[in-house]
Amino acid sequence: MLIEKEITAQIVARQRRFFQTGKTKDIGFRVEQLKQLKQVIIDNQTEIAQAVQADLRKPKFETVAAEILLCIEEINYALKKLKSWTKPKKVATPLNLFPASAQIVSEPLGVVLIIGAWNYPFQLVIAPLIGAIAAGNCAILKPSEIAAHTSEVVAKLVGKYFESDFLAVVEGGKEVTQELLAEKFDHIFFTGGTEIGRIIMQAAAKNLTPVTLELGGKSPCIIEPDVDLELTARRITWGKFINAGQTCIAPDYLLVHRSIKEPLLAGIKQCIQEFYTDNPATSQDYARIISDRHFARLQKLLHSGGKVVVGGEINPSDRYIAPTVIDGVNWDDEIMQSEIFGPLLPVLDYDDLGDAIAQVNSRPKPLALYFFSKNKHNQQRILQETSSGGVCINETISHIIPPELPFGGVGDSGMGNYHGKATFDTFSHPKSIVKKPFWLDIKLRYPPYEGKLKFIDWLFK
Ligand code: NAD
């Protein structure tokens, strides 16, 4: 549905008026809305899963785990912690302010815009929304138009169970998003590609609106020789091919020590068979590519360099691409020029860990970095010598799970973060407050200053 500019402007104006009533600042109201959201998700989980299935043929297990449960857990966590997050935090005051007290109060920002991507189409708008509500804001959601079924369900459920003065969904693509971006928001939370992230930031700059950019990138997976090969293969296969590789933190490529490349690739091949059978096209547990455009993009990458050693089969009518491993790739190949975002796993090798680190560091900072090794010294080396949004040691993807861990990118992979308290903080302003009583007023700071500098010198030494 294409929302007319006037209508977009009206929704924003109505939300702004609602925010100014102060209703969303009430903690009871926030708790009520979070509980309502939880109930709506629980009651409609079948419809949500069906919509995600229609968009991506995502297995129900993956939808329940990565879209529905993740949101429920975020709500439970916010409900449990809201009282402590919203409590003013007293801080110490320096002697030269005596007598005074100081505190930090988390203040809601106002009306916020949340723009989602299509790969986890429900979670990517609802998880930020949870923090926006917890922090006391009004919000407009713009789910991805590419996951059209999920966008429709989100719009239907939010429209049915929430006042649009408080929460509203605007559906549509680029044009609609650009109309929204012309409005003044108090924060824009964007999930999507790095190039569109630049457009969002430019639009936000016109209104001096702060942004959170949850972007993508090429997340490396480095494997040393001293690993448990079977487990390493299993964890990589899971992280790469879940949602058919359409995961922002999927391992984009392998950088594997030359001495174990052959057995590791054999292990990955075996895991693909175990997970998805000899013919993954028939597996209920393997998703499809979201659109013809992305299918064509991935098809072009498939034979753009290196040699397919596992998979490679495609079926355009079903938008099916088999879990595929491509060996003998080098950095000049097209597949290494941008984020793959699909079930193609290129493999590069190295002889020396320092060289692997240098290769990663010569490229934009990735959203995630995966390192497999039992060696604690080398684990520490990776943590100290590389920069990425997040890291898993001997694991993939899972740093997204603990609500205590802020999730976000760095450099080209994004700015700002969310999940748990980080989402609440993203949609709050930490207001600094100093209170002074009237019973004492030390005159040292007031002019005339003559003779006072010596005392200040003494005070600060
Ligand atoms: P995208 O950038 O194409 O689209 C994201 C959103 O931006 C959509 O809602 C879309 O309607 C809107 N949009 C697209 N073009 C626009 C334009 N010119 N002006 C204004 N708005 C526009 O991203 P996508 O294809 O939906 O998702 C894939 C990307 O998202 C990948 O790079 C992936 O890594 C990234 N991603 C990141 C995270 C994260 O948490 N960091 C999570 C999921 C996906």
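When a ligand or atom number is given, it counts from 1 through the structure's own listing order.
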Original post:
For F190, is the NZ or CZ atom of K142 found under 6.0 angstrom from the centre of its six-membered ring and inside 45 degrees of the ring axis?
Top reply: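 Because its charged atom misses either the 6.0 Å distance or the 45° angle limit, K142 does not stack over F190.
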- Any N or O on I199 sitting closer than 3.5 Å to an N or O of ligand 1?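 By distance alone, the answer is no.
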**Asked** Is E334 salt-bridged to K300, cutoff N-O under 4.0 Å?
**Response**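 Salt bridge flag = yes for K300 with E334.
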| said: Can you tell whether the side chains of D412 and R363 come within less than 4.0 Å, N to carboxylate O? | reply: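 A salt bridge is absent here (no side-chain N lies under 4.0 Å from a carboxylate O).
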Is the closest heavy-atom distance from F407 to ligand 1 below 4.0 Å?
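Flag set, F407 near ligand 1.
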Where ligand 1 meets [X] - atom numbers and elements under 4.0 angstrom, heavy-atom basis:
{"X": "I115", "value": "6 (C), 7 (O), 9 (O)"}
{"X": "E339", "value": "31 (C), 32 (O), 33 (C), 34 (O)"}
{"X": "N119", "value": "43 (C), 44 (C)"}
{"X": "S144", "value": "9 (O)"}

Check your understanding: Any protein heavy atom under 4.0 Å from atom 30 (O) of ligand 1?
Key ->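 Under 4.0 Å from atom 30 (O) of ligand 1, at least one protein heavy atom found.
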Classify the contact between T194 and ligand 1 as side chain, backbone, both or neither, using a heavy-atom distance cut-off of under 4.0 Å.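 Looking at T194 and ligand 1, no heavy atom falls under 4.0 Å.
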Contact partition for L367 relative to ligand 1, non-hydrogen atoms under 4.0 Å:
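Near ligand 1, L367 shows its side chain, while the N, CA, C and O stay back.
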Should one rank [options] by closest heavy-atom distance to [atom], which comes out on top?
{"atom": "atom 19 (N) of ligand 1", "options": "Q178, E171, H294", "result": "Q178"}
{"atom": "atom 33 (C) of ligand 1", "options": "F190, W118, F341", "result": "F341"}
{"atom": "atom 10 (C) of ligand 1", "options": "R293, K174, H419, E145", "result": "E145"}
{"atom": "atom 5 (C) of ligand 1", "options": "T191, I249, L141", "result": "T191"}

- prompt: K431 versus E107: any side-chain heavy-atom pair under 4.5 Å?
  reply: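 Yes. Closest side-chain heavy atoms under 4.5 Å.
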Once the angle between the rings of F341 and W118 is folded into 0 to 90°, is it parallel (under 30°), tilted (30 to 60°) or perpendicular (over 60°)?
->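 Taking W118 first and then F341, their aromatic rings stand perpendicular (interplane angle over 60°).
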Mind telling me whether H399 and F407 have parallel, tilted or perpendicular rings, with 30° and 60° as the class edges?
->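 Taking H399 first and then F407, their aromatic rings sit tilted (interplane angle of 30° to 60°).
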(message) I'd like to know whether E32 forms a salt bridge (Lys or Arg N to Asp or Glu O under 4.0 Å) with K35, so could you lay out the CA-CA distance, the side-chain angles of the two residues, the decisive distance to 0.1 Å, and finally the verdict.
(response) CA-CA 5 Å; E32 204 180 289; K35 285 185 175 163; over 6 Å; no
Crowded around Q337 CD? As in, over 12 foreign heavy atoms under 6.0 Å?
->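 Count over threshold, so yes.
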